[in-house]
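Reviewing the structure listed below.
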Amino acid sequence: MSKQQFLDELAARLREEGAELLVAENLNFYRSYIEEEVAKGRSEEEVLAELGNPALIARSILDAAGFQVDGMPDRNPEGDLGAGASKHYREQSETLGEESDIHIKVQRFNSWLLGLLFLLFALLLILAIAGLIIWAAPVIFALLAFRFVYQALSELFRR
């Protein structure tokens, strides 16, 4: 595979998910990287072999940008990266190449959902502590009153 074939494949994979905003930036990055490594004396084939499959690189870029990698272009009228970014949990699997039996499983848990779960847990903890105090308060007050009365009576009878 040549540098141009690599870049064309990367661009095609990004475009098929509707990630036009990511194409130019990533093509420039990978083109520069390949040229810099070749300038250092490495062969183009060696650099491309190190980078790996452009389809997998495109998938990583799309996942990081919040795109739902499903072969269908994401629609996003505001132009933000990845209409699929609002999904709080998704699971995707892809078998890599016909000759490979490597299987990648991607799971994503958005930080806002994690924050919401933390707040829910904190609220439940506060309610549990408040419930314990409300339940235990009459018992504690009764024991304190009993002790006070006992001490008062003990003092009274000692005299």
Working to the nearest 0.5 angstrom, can you tell me the gap between [X] [atom1] and [Y] [atom2]?
X      : Y      : atom1 : atom2 : answer
Leu127 : Leu132 : CG    : CG    : 12.5 Å
Asn53  : Arg59  : CG    : CZ    : 11.5 Å
Leu125 : Leu120 : CG    : CG    : 11.5 Å
Ile34  : Ser2   : CD1   : OG    : 9.0 Å
Leu7   : Asn28  : CG    : CG    : 9.5 Å
Phe118 : Leu123 : CZ    : CG    : 11.5 Å

Does any part of the side chain of [Y], heavy atoms only, come nearer than 4.5 Å to the side chain of [X], both counted from C-beta?
X      : Y      : value
Arg147 : Leu143 : no
Tyr30  : Ile61  : yes
Leu14  : Leu27  : no

Check your understanding: Of all residues at least two apart in sequence or in a different chain, which pass the side chain to side chain donor-acceptor pair (under 3.5 Å) check with Glu50?
Key ->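 By the side chain to side chain donor-acceptor pair (under 3.5 Å) rule, Glu50 matches Tyr33, Arg42.
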**Study point:** Minimum-distance pair of heavy atoms, taken over all atoms of Val23 and Ala11
**Key:**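 Nearest pair, atom of Val23 first, then Ala11: CG1-CB, 4.0 Å.
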Practice item. Locate the shortest heavy-atom distance separating Phe6 from Gly52; write the atom from each residue and the value. Key: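 Looking at all heavy atoms of both residues, the shortest contact is CE1-O, 3.5 Å.
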Exercise for review: Give the cluster check for Val149 versus Phe157: same hydrophobic cluster or not, with ILVMFWY residues linked at side-chain heavy-atom distances below 4.5 Å.
Suggested key: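 Yes.
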**Study point:** Pair Ile57-Asn26, side-chain contact (heavy atoms from CB on, under 4.5 Å): steps then yes or no
**Key:** CA-CA 10 Å; Ile57 294 171; Asn26 284 286; over 6 Å; no
Review point. Checking salt bridge (Lys or Arg N to Asp or Glu O under 4.0 Å) against Lys3, which of Glu35, Glu9, Glu37, Glu44 comes through?
Key: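 Of all the options given, the one that passes is Glu35.
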